[in-house]
Structures are given as C-alpha cells and as structure tokens.
Amino acid sequence: MRYYYAISRLVRTLNIYEFLSRHGGVWITSDLMPKRFINAQNEALRNFNQNLFTLTSRNTLNNRFRDINHIKEFFWAIGFEVVEIHKFNEVINEPLDEKLHDSIRGSDYLLHEAFCLENEVDKYKPREKNHETVWWVSRQAQELGVKNLVLWHMLENLGSLRKEKYIEEAQENFKGKVYVPNDLEIIEL
C-alpha cells in the first residue's frame, strides 16, 4: 500500500473489501505509513524518498496518508471496521534514530535488528553496517516504553547459545518481554 498512487490504493482496497464481504475474513496489514513517519525515515536514511523515486519513478511522499486518522478515515469510508489490536513497529537496516522515537514510543511490539552483543562491537563493527547491538536496542526500547522487544537479523557466531546470550544482555536494560526467535519460529501474541 505504501508505494501505490492514491487511485491504485483505492482500487486495491475496494477489491479486497468486496472479496472479504463476499467470502468473509479479515484484512491484517502493516503496510501503511503516514507522511510524518516517512519524513522521519527520509531524514534518518539520507535521500530515501529521492532514491525510491529514482528506482520506481513514483513520488511516494505525495501519495502518503497524512496521519493515522487519515488512514482510519480512508478505510472507514470504504466500509472497513478499523481495529487496532497491537501497535507494531519494525526498524530495518538503521539505528533507532531520535526522529523515529515518537512513532515507536509505547509500542506493544518493537521488531529491531540486533546484529551482535555489545562486547563484539570492535570485532563486527555493526554501526558501519547501519546496525546496532542488543544492549543499545534494549536500552532504547526501555526508554521509549516498549512492552515487547523482538530481536532478529543476528550473527550466528554463538550457535545454540545465541538466544540465551541475547536475552541475557537485553534484560540488563529492558524490563519487558524479550523474544529472540530462530528462523521460522512462531511468536504467540
């Protein structure tokens, strides 16, 4: 949804609504971002919107929802019942920049890459790859009032001890539930 022009987004949403009305079911999507978030992303990842335009020939910023209320109004107008069950945020290939704090604050779940443990920084240099450590991510999550932290995209250097070591380091800072899933592991909400 985030890269569609307004008319394409409307047509796609109407088709999904018609299908669900006929056959039943629910539509769960996390693919909606208001302009405020994408502007913050553009500042955190230099020239994100321009680079995306260069690759896709789409000016995605002009096609964004203004804010969360604009998103809700769009779906309500079509006939969807909008229900927020959990507030999820995912941070990919970037540190949790200060400009994203308002969007992340109070999240039920934060999914964040945690490349390595803090004592492995000199060896693996995660920040040179726009990644962070377990210690840093868990500290940020605690400060922002996140309830559950899901750490992923990690090095495999610790083998079967990885989950234990990552959870141990995260819990030095973070008081909520910490998940360190293995590939294909299902997390029950």
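When a residue number appears, it is its place in the shown sequence, counting from 1.
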Next item on the list: Could you check L151 against V137 for side-chain contact (heavy atoms from CB on, under 4.5 Å), going step by step and ending with a plain yes or no?
Entry: CA-CA 9 Å; L151 302 174; V137 170; 3.8 Å; yes
Checklist line | Interatomic distance, E185 atom CD to Y179 atom OH [nearest 0.5 angstrom] | finding: 10.5 Å
Checklist line | K165: partners by side chain to side chain contact (heavy atoms under 4.5 Å, CB included), with sequence neighbours left out | finding: L117, L158, L161
Checklist line | ring pair (Phe, Tyr, Trp, His ring centres under 6.0 Å) partners of H70, counting only residues at least two apart | finding: F65
Note to self: Against the six-membered ring of F75, is K72 placed for a cation-pi contact (under 6.0 Å from the centre, within 45° of the normal)?
What the structure shows: no
Next item on the list: Calculate, to the nearest 0.5 Å, the distance between atoms CH2 and CG belonging to W152 and D183 respectively.
Entry: 11.0 Å
Margin query: Checking I78 now: which residues fulfil side chain to side chain contact (heavy atoms under 4.5 Å, CB included) with it, not counting sequence neighbours?
Written below: L10, T13, L14, Y17, F74, F80
Note to self: A side-chain contact here means heavy atoms from C-beta on lying under 4.5 Å apart; do Q171 and V178 qualify?
What the structure shows: yes
Next item on the list: Applying side chain to side chain contact (heavy atoms under 4.5 Å, CB included), name anything that partners E156, two or more places apart in sequence or on another chain.
Entry: R162
Note to self: E98: which residues meet the salt bridge (Lys or Arg N to Asp or Glu O under 4.0 Å) condition with it, sequence neighbours left out?
What the structure shows: none
Notebook entry, point to check: Between atom CG of N182 and atom NZ of K163, what is the distance when rounded to the nearest 0.5 Å?
Noted result: 4.5 Å
Notebook entry, point to check: Taking only residues at least two apart or on different chains, which pairs with a member in residues 142-153 satisfy salt bridge (Lys or Arg N to Asp or Glu O under 4.0 Å)?
Noted result: D108-K147, R139-E143
Notebook entry, point to check: How long is the gap from NE2 on H112 to CD on E132, to the nearest 0.5 Å?
Noted result: 7.0 Å
Check: Just by modelled atom types, is the K129 backbone N or O under 3.5 Å from a matching donor or acceptor in the H131 side chain?
Finding: yes
Note to self: Contact between L149 and K177 at the side-chain level, heavy atoms closer than 4.5 Å - yes or no?
What the structure shows: no
Margin query: Within this structure, what is the CD-OH distance for the pair E164 and Y166, rounded to the nearest 0.5 Å?
Written below: 13.5 Å
Notebook entry, point to check: Taking atom types as modelled and ignoring hydrogens, do the side chains of N157 and E120 form a donor-acceptor contact shorter than 3.5 angstrom?
Noted result: yes
Next item on the list: Work out which heavy atom in W135 is nearest to a heavy atom in E169; give both atom names and the distance.
Entry: N-OE2, 3.0 Å
Check: For H101 and Q140, does a side-chain donor sit closer than 3.5 Å to a side-chain acceptor?
Finding: yes
Next item on the list: Kindly work out whether a path of hydrophobic side-chain contacts (I/L/V/M/F/W/Y, heavy atoms less than 4.5 Å apart) joins V121 to Y124.
Entry: no
Checklist line | P181 side chain reached by V150 side chain, heavy atoms, under 4.5 Å | finding: yes
Check: Does atom NZ of K123 have more than 12 heavy-atom neighbours, drawn from other residues, nucleotides or ligands, at distances under 6.0 Å?
Finding: no
Next item on the list: Please round to the nearest 0.5 Å and tell me the distance separating atom CG of L144 and atom OG of S107.
Entry: 8.0 Å
Notebook entry, point to check: Looking only at heavy atoms, what is the nearest atom pair of T133 and A114, with distance?
Noted result: C-CB, 4.3 Å
